[in-house]
K.L.:
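This structure is in structure tokens; I'll ask about it shortly.
Naming convention: chains lettered A, B, ... in sequence-line order (proteins, then strands); numbering from 1 in each chain. Values in this document were obtained by computation on a predicted structure and should not be read as measured data.
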Number of protein chains: 2
Amino acid sequence: MSMKVEAKVEPSHEEIIEILDKALSVEAIITLFAYCRVFYEGRAKSELGPGDRVIIIKPDGSFLIHQKNKREPVNWQPPGSVVSIVLEDGKIMLRSVRRKPKETLEVELIKTYLVSYFQAEDYEELALTGSEAEMAGLIFENPSLIEEGFKPLFKEKPIKHGIVDVLGRDKDGNLVVLELKRRRADLHAVSQLKRYVDALREEYKNVRGILVAPSLTAGAKKLLEKEGLEFKKLNPPKREKKKKGKQKTLDFLSP
Amino acid sequence: MSMKVEAKVEPSHEEIIEILDKALSVEAIITLFAYCRVFYEGRAKSELGPGDRVIIIKPDGSFLIHQKNKREPVNWQPPGSVVSIVLEDGKIMLRSVRRKPKETLEVELIKTYLVSYFQAEDYEELALTGSEAEMAGLIFENPSLIEEGFKPLFKEKPIKHGIVDVLGRDKDGNLVVLELKRRRADLHAVSQLKRYVDALREEYKNVRGILVAPSLTAGAKKLLEKEGLEFKKLNPPKREKKKKGKQKTLDFLSP
DNA sequence: TTGTACATCTCGGGT
DNA sequence: ACCCGAGGTGTACAA
């Protein structure tokens, strides 16, 4: 018999295994509260001594271990990893393996305070506005936001050494490279723009580079000026967005 | 009376509020399984239609909303945010506010399947090895890994337009800039190195730039060669690391 | 699979 | 507070 949600406080070893097996078989999200140790080896290598953590295992293989602070998990495994429950010396270990790159995460459950699962149904996707892509859209709709006579020609245009956000021409026919940033632009952003401008100047003459962002860091401003590049202030737009959701019913097939 | 863990499946409105209040007052980690809607506005703006999600609220104000896939939360609030429980038209809303930048996250709990909390105690910190900082350490211990006669002088050295990973001299007395990457280096890494080399060449002559990494992307190799910069293959070392943990007992004060 | 760049990036360290 | 760069970054998208 299948339940959408199950939770057991202070479960026995047998209950832990039974509930985890059940959760894995029905592709539920698993949540554990546990005193545990964690070992990781792969791109790097880490060890985390015993402590209380929240463990989440998602049906796509994502594996998260959260301490009581910070937004980021202290250890994790990305989607596509394969989890297994291992019994070793009467201890329960959770092991998650990823291929390519080869990475292993092991959690030694010393004491489990709660084991729970949730057969989540979710057909909605996030509708987000205020991205860099929307800045580009805005500029194509209203090129004079950059300057009078600006004509955008390409979006996400691959060139010699990278991909230019927006490529266009100014009223004098100069080639113009725009590098867009949705937030305050830093040295990285200037270097990026410089790389594109340099690459294009090898093939064309009269190439201008404009960094388009809400603001600039002090260092970015200095470097931008030294390199003879320009800055145009522009905020990412917050638009009304249609919500995206996967089709749950098949009503588009109805008569 | 205080419990370390509490969990209630299919809680009533009153139970939800009671348990959440309790959890907040004892600084526990809260976990909810809920069918909910989510609204966010701040640096960007987003909306997420109804669906089943796992919600985590940490004592430092971190707020995570996870769908059943992906490592990343679909919505979140960083540490330092302030959460409150709001009753609106008999609906329970969770609201989290961050100042600077001003950001608001709102979760409308349509149906709550589970509410739980965990008074987590954790004095351990992650001990990780294989970082870029350890590559730098390795090079200072064994400079010939770069080349015969190389002498490292500075680590994390601030220069005109940025901070150089390692600055040194080669056997001929040339200034050498190292840019270290713990993983395959890309165009971005080359741009970074180029920026440092350019800045130093304004003040010194005979400046070499070496990108030190396990490998290079095709594009990075091309750009590196075009710019007359060099590459040295080096993997980040995986060392034995002492585990870090905050002192729980005060035994260092003992006789 | 690899390459490229964004991200409500987060996080830590320095000034 | 701002600035700067690393990260086991993750994620999407294109070639």
K.L.:
Could you walk me through whether A:Arg195 and B:His188 pass the side chain to side chain donor-acceptor pair (under 3.5 Å) test, one step at a time?
P.N.:
CA-CA 9 Å; A:Arg195 166 154 50 94; B:His188 188 134; 5.7 Å; no
K.L.:
Taking only N and O in the side chain of B:Gln192, is any of them less than 4.0 Å away from OP1 or OP2 of D:dA6?
P.N.:
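It does, given that an N or O in the side chain of B:Gln192 lies less than 4.0 Å from OP1 or OP2 of D:dA6.
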K.L.:
Round to a whole Å and report the spacing from CG of B:Leu64 to P of C:dT10.
P.N.:
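Atom-to-atom, B:Leu64 to C:dT10, this comes out as 11 Å.
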K.L.:
What's the closest nucleotide to the side chain of B:Arg182 if the choices are D:dC2, D:dT9, D:dC4?
P.N.:
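Out of D:dC2, D:dT9, D:dC4, the nucleotide with an atom closest to B:Arg182's side chain is D:dT9.
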K.L.:
What is the separation between atom NZ on A:Lys157 and atom P on C:dG3, rounded to the nearest whole Å?
P.N.:
21 Å
K.L.:
Is the distance from OP1 or OP2 of C:dT8 to the nearest side-chain N or O of B:Lys45 less than 4.0 Å?
P.N.:
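B:Lys45 to C:dT8 OP1/OP2: no side-chain N or O under 4.0 Å.
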K.L.:
Whole angstroms only, please: what is the CG-C1' distance between B:Asp186 and D:dA6?
P.N.:
13 Å
K.L.:
What pairs of residues pass the salt bridge (Lys or Arg N to Asp or Glu O under 4.0 Å) test when at least one of them lies in residues 59-71 of chain A, not counting sequence neighbours?
P.N.:
A:Arg71-B:Glu72
K.L.:
Is the distance from OP1 or OP2 of D:dG5 to the nearest side-chain N or O of B:Tyr196 less than 4.0 Å?
P.N.:
yes
K.L.:
So which nucleotide from D:dC3, C:dT8, D:dA6 ends up closest to the side chain of A:Leu128?
P.N.:
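Closest nucleotide to the A:Leu128 side chain: C:dT8.
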K.L.:
Mind jotting down which residue pairs meet the salt bridge (Lys or Arg N to Asp or Glu O under 4.0 Å) criterion with at least one end in residues 73-86 of chain B? Sequence neighbours excluded, please.
P.N.:
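Those involving residues 73-86 of chain B do not exist here.
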K.L.:
Starting at the 5' end of DNA chain D, which residue's closest nucleotide do you reach first, B:Gly130 or A:Gly219?
P.N.:
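Nearest-nucleotide comparison on DNA chain D picks A:Gly219.
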K.L.:
Just to be sure I understand the rule, does B:Ala218 reach a base, reach only the sugar-phosphate, or reach nothing, if contact means heavy atoms closer than 4.0 Å?
P.N.:
sugar-phosphate
K.L.:
Tell me which of B:Tyr40 and B:Ser62 sits closer to the 5' end of DNA chain C, going by the nucleotide each one is nearest to.
P.N.:
B:Tyr40
K.L.:
Produce a footprint string for nucleotides 10-15 of chain D: one letter per nucleotide, 5' end first; B if the base is under 4.0 Å from any protein heavy atom, S if only the sugar-phosphate is, - if neither.
P.N.:
SSS---
K.L.:
Hey, is the side chain of B:Lys155 poking within less than 4.0 Å of OP1 or OP2 on C:dG13, counting only N and O atoms?
P.N.:
no
K.L.:
With hydrogens left out and only the distance checked, is there a donor-acceptor pair under 3.5 Å joining A:Asn75's side chain and the base of D:dG8?
P.N.:
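It does, because a donor-acceptor pair links the side chain of A:Asn75 to the base of D:dG8 below 3.5 Å.
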K.L.:
When you compare the side chains of B:Arg95 and B:Ser84, does any donor N or O come within less than 3.5 Å of an acceptor on the partner?
P.N.:
no
K.L.:
Should the heavy atoms of other residues, nucleotides or ligands under 6.0 Å from NZ of A:Lys221 be counted, would the total exceed 12?
P.N.:
no
K.L.:
Would you mind telling me which residue lines up with the more 5' stretch of DNA chain C, A:Lys100 or B:His188, judged by nearest nucleotide?
P.N.:
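Its nearest nucleotide lies further toward 5', so the answer is A:Lys100.
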K.L.:
Could you check whether A:Gly42 gets within reach of a base, just the sugar-phosphate, or nothing at all, counting any heavy atom under 4.0 Å?
P.N.:
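Here A:Gly42 touches no strand at all.
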K.L.:
Whole angstrom is fine here: how far is it from CD in B:Glu156 over to C1' in D:dG5?
P.N.:
8 Å
K.L.:
When you compare D:dC4 with D:dG8, how far apart are their P atoms, in angstrom units rounded to a whole number?
P.N.:
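D:dC4 and D:dG8 have their P atoms separated by 23 Å.
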K.L.:
Going from CG on A:Leu193 to CG on A:Leu224, what distance comes out if it is rounded to the nearest 0.5 angstrom?
P.N.:
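Rounded to the nearest 0.5 Å, the CG-CG separation comes out at 7.0 Å.
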K.L.:
Which nucleotide sits closest to the side chain of B:Leu187: C:dT8, D:dC4, C:dT4?
P.N.:
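Selected nucleotide (nearest to the side chain): C:dT4.
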K.L.:
Work out how far the C1' atom of C:dT8 is from that of D:dA14, and round it to whole angstrom.
P.N.:
25 Å
K.L.:
Does the base of D:dG5 carry an N or O that pairs as donor and acceptor with the side chain of B:Glu132 under 3.5 Å?
P.N.:
no
K.L.:
Looking only at side-chain atoms of A:Ser131, point me to the closest of C:dT8, C:dA7, D:dG7.
P.N.:
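For the A:Ser131 side chain, the nearest candidate turns out to be C:dA7.
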K.L.:
Is it true that A:Arg239 and A:Glu141 make a salt bridge, defined as a side-chain N closer than 4.0 Å to a carboxylate O?
P.N.:
yes
K.L.:
Write down the distance separating the C1' atoms in D:dG7 and C:dA5, rounded off to the nearest Å.
P.N.:
16 Å
